Structures are given as C-alpha cells and as structure tokens.
Amino acid sequence: MRMLQWFCGHTRRDRVRNEVIRDRVGVAPIEEKLTQHRLRWFGHIQRRPPEAPVRNGVLERVDNVKRGRGRFKLTWDESVKRDLKDWNISKEIALDRSAWRLAINVPEP
C-alpha cells in the first residue's frame, strides 16, 4: 500500500483509506489476489499425474502427525479447502484449465 500511496502522491498523514487508493489506481485487494494465486497453484498440481512428487507431498499427507511447537495450525491444503468453500468452487473443475481460470479470476476494478 505504501507504494500505491506514493504513486497517488499521498502520505500516511493524509489519512486516505486503502480502498480509495486501490480504486483510484485500479488494483484488486491483496487478499483476493493471494487466494487466486493459491488456487492457481492448486489447479496446477491437481492436473499433474497421481505419481508426481509434488502431488504426493502436498495433497496426500498423513493427517495424524503432531505439529511441532511454533508451527502454523492452518496448513496449505486446509487453506485451499477453505478458499474453495468460500468461493463456491468444486475441485473437479481444476481438470479443465479454461474453466478453472475463469472460476478463480479476480477482475481488476
């Protein structure tokens, strides 16, 4: 946001809301963009063959492993499941690239 504020000629002392600056510059919210990139990577590994190392390491993990101290409680696959649920997207759509791209697209305002 600091770069966008600088781009518009504002400082933090001007107390201009982030939404106003994002609308003026034409940038989507960062949370939606992060979700889009996470789901894009998920679609990529969904289309890989089942014996691919990335698929074995990310999607088929053992669930009963105790997480160490200081580790995140939310794993990547749990966050992807939450994103799919929030955006009402089925993970079977990921096999069709063009439909998946349209489903996860975040339009720029």
Side-chain angles (χ1 to χ4, degrees):
M1 284 306 303
R2 183 179 289 178
M3 193 268 307
L4 294 178
Q5 289 170 347
W6 172 78
F7 186 73
C8 291
H10 294 293
T11 64
R12 297 264 309 151
R13 289 187 181 198
D14 295 337
R15 299 185 59 85
V16 179
R17 291 185 126 336
N18 291 344
E19 293 84 22
V20 173
I21 292 175
R22 277 198 304 266
D23 286 340
R24 189 175 298 162
V25 177
V27 177
I30 190 70
E31 296 88 11
E32 293 178 8
K33 282 301 207 180
L34 288 173
T35 303
Q36 176 187 4
H37 286 281
R38 186 167 40 239
L39 289 176
R40 195 165 77 193
W41 176 249
F42 173 74
H44 173 71
I45 62 174
Q46 277 291 103
R47 288 187 294 273
R48 301 283 297 158
E51 64 273 0
V54 69
R55 191 141 180 191
N56 290 332
V58 174
L59 294 179
E60 298 168 5
R61 186 177 304 173
V62 179
D63 290 331
N64 57 2
V65 175
K66 184 179 179 195
R67 296 182 185 140
R69 183 174 160 218
R71 297 290 178 143
F72 294 115
K73 296 200 182 332
L74 183 69
T75 61
W76 181 83
D77 52 344
E78 291 169 354
S79 64
V80 167
K81 288 176 187 174
R82 185 191 60 207
D83 294 338
L84 290 172
K85 183 180 166 192
D86 289 347
W87 287 21
N88 294 326
I89 301 173
S90 159
K91 68 178 184 179
E92 286 78 27
I93 298 175
L95 299 177
D96 181 15
R97 249 181 114 175
S98 60
W100 182 251
R101 187 174 290 179
L102 287 175
I104 66 169
N105 185 30
V106 176
E108 297 294 334

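Index from 1, following the sequence. No experiment lies behind these values; they were computed from the predicted model shown.
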**Q** Could you report the tightest heavy-atom contact between Pro107 and Ala28, atom names first, then the distance?
**A** O-CB, 4.1 Å
**Q** With sequence neighbours left out, write down each residue that passes side chain to side chain contact (heavy atoms under 4.5 Å, CB included) with Pro49, or none if nothing qualifies.
**A** Glu51, Ala52
**Q** Go through the structure and list residues passing side chain to side chain contact (heavy atoms under 4.5 Å, CB included) with Leu34, not counting sequence neighbours.
**A** Ile30
**Q** Could you go through Leu4 and Met1, starting from their C-alpha distance and side-chain angles, then the distance that decides it, and tell me whether this counts as side chain to side chain contact (heavy atoms under 4.5 Å, CB included)?
**A** CA-CA 5 Å; Leu4 294 178; Met1 284 306 303; 4.0 Å; yes
**Q** With sequence neighbours excluded, give me every salt bridge (Lys or Arg N to Asp or Glu O under 4.0 Å) pair touching residues 2-16.
**A** none
**Q** Are Leu102 and Ile104 connected into the same hydrophobic cluster when the rule is that any two of I, L, V, M, F, W, Y join if their side-chain heavy atoms are below 4.5 Å apart?
**A** no
**Q** Thr11: what forms a side chain to side chain donor-acceptor pair (under 3.5 Å) with it, not counting sequence neighbours?
**A** none
**Q** With sequence neighbours excluded, give me every salt bridge (Lys or Arg N to Asp or Glu O under 4.0 Å) pair touching residues 27-43.
**A** Lys33-Glu108, Arg38-Asp83
**Q** Taking C-beta and beyond as the side chain, do Arg97 and Arg101 meet within less than 4.5 Å on heavy atoms?
**A** yes
**Q** Over all heavy atoms of both residues, which pair between Gly43 and Ala94 is shortest? Give the atoms and the distance, please.
**A** CA-CB, 3.9 Å
**Q** Enter the distance from Lys85:NZ to Ser90:OG here, rounded to the nearest 0.5 Å.
**A** 15.0 Å
**Q** Quick one: pull up CH2 in Trp100 and CD in Gln46 and give me the separation to the nearest 0.5 Å.
**A** 7.5 Å
**Q** My understanding is that only residues two or more places apart in sequence, or in another chain, count here; which of them pass side chain to side chain contact (heavy atoms under 4.5 Å, CB included) with Ala103?
**A** Ile89
**Q** Taking side chain to side chain contact (heavy atoms under 4.5 Å, CB included) as the test, write out the residues that go with Ala99, two or more places apart.
**A** Ile93, Asp96
**Q** Side-chain atoms of residues 17-24: list all donor-acceptor pairs with protein atoms under 3.5 Å, sequence neighbours left out, distances to 0.1 Å.
**A**
from  : atom 1 : to    : atom 2 : distance (Å)
Arg24 : NH1    : His10 : NE2    : 2.8

**Q** Looking at side-chain heavy atoms only, is the closest gap between Leu74 and Arg82 below 4.5 Å?
**A** yes
